Q: 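Sharing a structure, written as structure tokens. Questions coming.
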Amino acid sequence: MPRPPVQRLIEVMSVPFNFATAIEAGLNDAAQALGLDTAPFAPEVHTADPRHGDFQANGVLPYAKRTKQNPRALAEKVIAALPSTITTNFDVTIAGPGFLNFTLQIPALERWLTTYDTEELLRTGATSAQPEAGKTFVVDYSSPNTAKQMHVGHLRSIVIGEAICRLLDFSGAKVIRDNHIGDWGTGFGKLIWAYKRQLNSNALATDPLEEFERLYKVGNSAADADESVLENAREELVKLQAGDEENLSIWRRINEVSLAAFQKLYDQFGVTFDHTLGESFYNDKVPQVYQELTDIGLAAESQGALVVFHPDHPRFNEQPFIIRKSDGAANYASTDLATLLYRTEQFKADASIYVIDSRQGDHCQQLFLTAAKWFEKTNRRLPRLEHTSFGTVLGENGKPLKTRSGENIKLRDLLAEATERAATLVGQKSTNLSPQEQASVAAVVGVGSVQYADLCQNRSSDYVFSWDKMISLEGNTAAYQLYAVARIHSIFRTLETSPTEPTAFAAADGLETTTEIALARKLAKFPEGLRGAVSQLRPHALGLYLYELAGEFSAFYNNDKVAVPEANIRARRLRLCARTLLILETGLHLMGLRTLQRM
RNA sequence: GCACCCGUAGCUCAAUUGGAUAGAGCGUUUGACUACGAAUCAAAAGGCUAGGAGUUCGAUUCUCUUCGGGUGCACCA
């Protein structure tokens, strides 16, 4: 039976969610009790190599050095002053020149395992331990251009952006997902020009986006070849921006079709935006930006354009930030500034996160620098601004991934191929499943493999896209972890019980085997995996943790049979299975993946 | 030319942001299914962290420098 809420709350409060932050607090208490100068004393707690315990604190060493004390003697004193919250949970030893090693006592591990037994409680724990809780984060990701299909170049922003949103949300932040689409570009004049002359209505009916793309190319090459076409296209754009009804309705139609096509892809990734405020939305909000930046002397005319220079910057003192083109039109610098103001004032953003590829680093730096000066002069509070940049998806030749003919690979085709390849594999490995089940498993494995391949390594570097590595399903892949999840579900099916049925664990006694204990120690480090991912907005830190957890589980599974006759042993192993399942599923969902009961 | 990112095992990547003997997977070699799912597990071999200098108790991480790769740099986002 579920315990009453009040009792649960007391239990949760008495067992720290994140042991590392608990140690940190304990060390700070000890330092204060000893009269250490707490300002320069930093506990420096990290998860440790298992050979050295569960956590290590290195802070005594630099402090002893600075105050000219014997580090080991100081370490002795610090240990003696540790509060009971630490000493009742850990064995503490001194190692080497003055490292403090903390090893979780088995009862403490067991308390953690019995306490954090639902996703809601993990979330509550994360909210209590994470500094992001209560803050408003606007996350700007995906942000494709309308009238074009998304391709591989759009993959990373979607996948990384969504994972970051989920991680922040789980940490108690208020997350606003904003799809800042490019729907006001200068290409629209050419597209409208071609639309009016060469529209194929059959093609428009069957695959409108494909048709818009074709028309855009037609308009583009016609404008290149003929000056008068270019002139015409400009006029179409001016008419559009002036509110011409015919052009506006074509433009609306393009956006409608584009957004519907985008949503089909977002559905496969489990992405839903709170706002889709494209550049057109800010059309009437850029004059204020021009005005204010000019008034405070930040922007000035140069070669006919309105630009911002930063004399205090080694490069941007000469490299301009163009906020209005010489023909008077806005560009993405103008709208990005207007957007930032809108997010600050309307959304009350504490942070604005830009999930954009690393090639736009200069733009973001200029945007942030400009915004900082602008907001300071106008007495506005500047949100935390972060360019969450990422590298390029490369083919096996080390160059940006393309089709054989050199075209961009459409995201639609990429996901279709991933699903198809997964289906082939499922057809071989999962013959016990019905055809419908096989198809849905293939979709989860296929799309999940693409997502995970993108998330499992450091976002800032380029990565090589390899079907074989991704779909071969070995090593640090989605399928390896999905397999662990499916196996755990299978155990509960076989034993005819459920991971959420507390009576299944009622007879559990103390952890015994080395593989049981190793798995339990890994489980209790979920908060650290989460913290690593959130604090740096790097999902791969969580991915790596989950992979290691799945590995510990597999070792446990091979060593310690769960379905044994002894009720006490079976119950404690079942509990380990249930917690592993909870954390694997929670973690994978945080990365944007779906999970399976069988595969 | 200026700036940013990167260089770690044969290959693809980690290393908790300055911590202890630099870790995984693939590939190679060897072992484990009359086992709750072998899409698994256990073990071995594989390294002057591109080269050099510096900072300090301690450097893959910070500074300088050389080499090699990628990407930006006046009106497309």
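Chain A is the first sequence line, chain B the second, and so forth, proteins listed ahead of strands; every chain is numbered from 1. Since the structure is predicted, the reported quantities are computational estimates derived from the model, not experimental observations.
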Q: Can you see if the side chain of Arg570(A) gets near the phosphate of C36(B) - specifically, an N or O under 4.0 Å from OP1 or OP2?
A: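 So the side chain of Arg570(A) is outside the cut-off, no N or O lying under 4.0 Å from OP1 or OP2 of C36(B).
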Q: Have a look at Asp183(A) and say if it touches a base, only the backbone sugar-phosphate, or nothing, with a 4.0 Å heavy-atom cut-off.
A: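 Here Asp183(A) touches no strand at all.
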Q: In the strands shown, is G58(B) matched to any nucleotide by a Watson-Crick or G-U wobble pair with both distances under 3.5 Å, and which?
A: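 Answer to the pairing question: none, since G58(B) forms no Watson-Crick or G-U pair.
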Q: Please give the distance between the C1' atoms of G37(B) and C41(B) as a whole number of Å.
A: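 After rounding to an integer number of Å, I get 13 Å for this pair.
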Q: Contact class for Asp357(A) vs. all strands (heavy atom < 4.0 Å): base, sugar-phosphate, or nothing?
A: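 No contact.
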Q: Find the partner of G23(B): check Watson-Crick (N1-N3 plus N6-O4 or O6-N4) and G-U wobble (N1-O2, O6-N3) distances, both under 3.5 Å, and reply none if neither fits.
A: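 Looking at the geometry, G23(B) pairs with C13(B).
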Q: Any strand counts, and the cut-off is 3.5 Å on both contacts for Watson-Crick or G-U wobble. Which nucleotide pairs with C4(B)?
A: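 Paired with G70(B).
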Q: Looking at the side chain of His46(A), which of C13(B), G37(B), U16(B) is the nearest nucleotide?
A: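 For His46(A), the side-chain atoms sit closest to U16(B).
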Q: Please work out if Arg459(A) contacts a base, only the sugar-phosphate, or nothing of the nucleic acid, heavy-atom cut-off 4.0 Å.
A: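 Since no nucleic acid heavy atom lies under 4.0 Å of Arg459(A), the category is nothing.
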Q: Among C36(B), A39(B), G19(B), which nucleotide has an atom closest to any side-chain atom of Ile491(A)?
A: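 Looking only at side-chain atoms, Ile491(A) lies closest to C36(B).
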Q: Using the C1' atom on both, measure A45(B) against G10(B) and round to a whole Å.
A: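 13 Å, rounded to whole Å.
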Q: Can you check whether Tyr557(A) has a side-chain N or O nearer than 4.0 Å to OP1 or OP2 of A39(B)?
A: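 No, outside the criterion.
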Q: Does the protein touch nucleotides 72-77 of chain B at the base, only the backbone, or not at all? Give it as B, S and - per nucleotide, heavy atoms under 4.0 Å.
A: SSBBSB
Q: Whole Å only: how far is the CD atom of Glu24(A) from the P atom of U16(B)?
A: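 Rounding to the nearest Å, CD of Glu24(A) and P of U16(B) are 16 Å apart.
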Q: With rounding to the closest Å, how many angstrom separate the C1' atoms on U49(B) and A59(B)?
A: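 Looking at atom C1' only, U49(B) and A59(B) are 11 Å apart.
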Q: Taking atom P of A38(B) as reference, at what distance in whole Å does atom NZ of Lys561(A) sit?
A: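 Value for this atom pair: 11 Å.
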Q: What interatomic distance, in whole Å, is found between C1' of C6(B) and the corresponding atom of A42(B)?
A: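 Roughly 36 Å separates the two C1' atoms.
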Q: Charged N to carboxylate O below 4.0 Å: is that the case for Glu528(A) and Arg531(A)?
A: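 Salt bridge: yes.
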Q: With heavy atoms under 4.0 Å as the rule, sort Ala95(A) into base, sugar-phosphate or nothing.
A: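 Base contact - Ala95(A) has a heavy atom under 4.0 Å of at least one base atom.
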Q: Any base atoms under 4.0 Å from Leu61(A), or only sugar-phosphate, or nothing? Heavy atoms, all strands.
A: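 Base contact.
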Q: On a whole-Å scale, what distance lies between the P atoms belonging to C75(B) and C2(B)?
A: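 To the nearest whole Å, 22 Å.
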Q: Which is true for Val562(A) with a 4.0 Å heavy-atom rule: it touches a base, it touches only sugar-phosphate, or it touches nothing?
A: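 Answer is base: heavy atoms of Val562(A) come under 4.0 Å of a base.
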Q: I want to confirm an ordering. Mapping Leu544(A) and Pro62(A) to their closest nucleotides on RNA chain B, which one lands closer to the 5' end?
A: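 Taking each residue's closest nucleotide, the earlier one in sequence belongs to Leu544(A).
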Q: With rounding to the closest Å, how many angstrom separate the P atoms on G58(B) and C4(B)?
A: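 Result for the P pair: 29 Å, nearest Å.
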Q: Which residues satisfy the ring-ring contact (aromatic ring centres under 6.0 Å, His included) test with Tyr290(A), sequence neighbours excluded?
A: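 Residues passing ring-ring contact (aromatic ring centres under 6.0 Å, His included) with Tyr290(A): none at all.
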Q: The criterion is ring-ring contact (aromatic ring centres under 6.0 Å, His included); which residues satisfy it with His313(A), sequence neighbours excluded?
A: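 Here the qualifying residues are Phe316(A).
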Q: Can you see which heavy atom on Leu191(A) is nearest to which on Ala147(A), and at what distance?
A: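 Smallest heavy-atom distance, with atoms named: CD2-CB, 3.6 Å.
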Q: How far does the P atom of G27(B) sit from the matching atom of U63(B), given to the nearest Å?
A: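 Approximately 38 Å lies between the P atom of G27(B) and that of U63(B).
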Q: Quick check for you: among C41(B), C13(B), G37(B), whose closest atom lies nearest to any side-chain atom of Met599(A)?
A: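 Closest nucleotide to the Met599(A) side chain: G37(B).
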Q: Identify, with sequence neighbours excluded, every residue that meets side chain to side chain contact (heavy atoms under 4.5 Å, CB included) alongside His489(A).
A: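 Counting only residues at least two positions away or on another chain, His489(A) forms a side chain to side chain contact (heavy atoms under 4.5 Å, CB included) with Val485(A), Arg493(A), Leu581(A), Glu585(A), Gln597(A).
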Q: Within the pair Thr494(A) and C36(B), is there a side-chain N or O less than 4.0 Å away from OP1 or OP2?
A: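 Answer is no, no contact under 4.0 Å.
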Q: Distance only, no hydrogens: is a donor on one side chain within 3.5 Å (strictly under) of an acceptor on the other, for Asp454(A) and Tyr463(A)?
A: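 Checked: Asp454(A)/Tyr463(A) side chains pair up, N/O donor to acceptor below 3.5 Å.
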Q: What's Glu44(A) touching, base or sugar-phosphate or nothing? Going by heavy atoms closer than 4.0 Å.
A: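 Base contact - Glu44(A) has a heavy atom under 4.0 Å of at least one base atom.
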Q: Could you give the distance separating C13(B) and C73(B) at their P atoms, to the nearest angstrom?
A: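 So the two P atoms sit 26 Å from each other.
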Q: Do Asn568(A) side-chain atoms and Ala571(A) backbone N/O form a donor-acceptor pair below 3.5 Å?
A: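 Side chain of Asn568(A) to backbone of Ala571(A), a donor-acceptor pair under 3.5 Å: no, none is there.
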Q: If you find the nucleotide of RNA chain B closest to Ala555(A) and the one closest to Ser461(A), which residue's nucleotide is nearer the 5' end?
A: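 Closer to the 5' end of RNA chain B: Ser461(A).
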Q: Protein within reach of the bases, or only the backbone? For nucleotides 23-30 of chain B, mark each nucleotide 5' to 3' as B, S or -, using heavy atoms under 4.0 Å.
A: SSSS----
Q: Taking Phe390(A) as the fixed residue, which of Leu155(A), Asp357(A), Val159(A) is the one that meets the side-chain contact (heavy atoms from CB on, under 4.5 Å) rule?
A: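 The passing option is Asp357(A).
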Q: Write down the distance between CG (Leu596(A)) and P (G37(B)), rounded to a whole number of angstrom.
A: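 Checked: the CG to P distance equals 16 Å.
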Q: Classify the ring geometry between Tyr545(A) and Phe526(A) as parallel (under 30°), tilted (30 to 60°) or perpendicular (over 60°).
A: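 It falls in the tilted class, 30° to 60°.
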Q: Take the angle between the ring planes of His363(A) and Phe321(A) and call it parallel below 30°, perpendicular above 60°, tilted in between.
A: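 Tilted.
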Q: Can you label the angle between the Phe188(A) ring and the Trp251(A) ring as parallel, tilted or perpendicular, going by 30° and 60°?
A: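 Judged by the thresholds at 30° and 60°, the geometry between Phe188(A) and Trp251(A) is perpendicular.
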Q: If you only use heavy atoms from C-beta on, which nucleotide in A20(B), U40(B), A39(B) is closest to the side chain of Ser554(A)?
A: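 My answer, after comparing the listed nucleotides, is U40(B).
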Q: Within 45 degrees of the axis of the six-membered ring of Tyr557(A) and under 6.0 Å from its centre: does Arg487(A) put its NZ or CZ there?
A: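 The answer is yes, since Arg487(A) meets both limits relative to Tyr557(A).
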Q: Would you mind pulling out the nucleotide paired to A44(B), Watson-Crick or G-U wobble, both distances under 3.5 Å?
A: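 WC or wobble partner is U28(B).
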Q: Which of the following nucleotides, A39(B), G70(B), A14(B), is nearest to the side chain of Asp462(A)?
A: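 For Asp462(A), the side-chain atoms sit closest to G70(B).
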Q: Report the distance from atom CZ of Arg598(A) to atom P of A39(B), rounded to the nearest whole Å.
A: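 For the pair Arg598(A) CZ and A39(B) P, the rounded distance is 16 Å.
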Q: Counting any heavy atom closer than 4.0 Å, what does Ala64(A) reach on the DNA or RNA strands: base, sugar-phosphate only, or nothing?
A: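 If one applies the 4.0 Å heavy-atom cut-off, Ala64(A) turns out to touch nothing in the nucleic acid.
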Q: Rounded to the nearest Å, what distance is computed from the CG atom of residue Leu519(A) to the P atom of nucleotide C41(B)?
A: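 In whole Å, C41(B) P lies 13 Å from Leu519(A) CG.
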Q: Return the stacking result for A14(B) and His540(A): yes when the ring centres lie under 5.5 Å apart and the planes under 30°, no otherwise.
A: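 No, His540(A) does not stack on the base of A14(B).
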Q: Side chain of Ala563(A): nearest nucleotide among U40(B), G37(B), C36(B)?
A: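 Nearest to the side-chain atoms of Ala563(A), counting from C-beta on, is C36(B).
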Q: Would you indicate which nucleotide in G19(B), A14(B), G37(B) comes nearest to any side-chain atom of Gln457(A)?
A: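 Looking only at heavy atoms from C-beta outward on Gln457(A), the closest nucleotide is A14(B).
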Q: To the nearest Å, give me how far apart OH (Tyr463(A)) and P (A14(B)) are.
A: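 Rounded to whole Å, this separation is 13 Å.
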Q: Does any pair with a residue in residues 309-325 of chain A pass salt bridge (Lys or Arg N to Asp or Glu O under 4.0 Å), and if so which ones, sequence neighbours excluded?
A: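 Pairs touching residues 309-325 of chain A that pass the test: Glu301(A)-Arg324(A), Asp312(A)-Lys373(A), Arg315(A)-Asp362(A).
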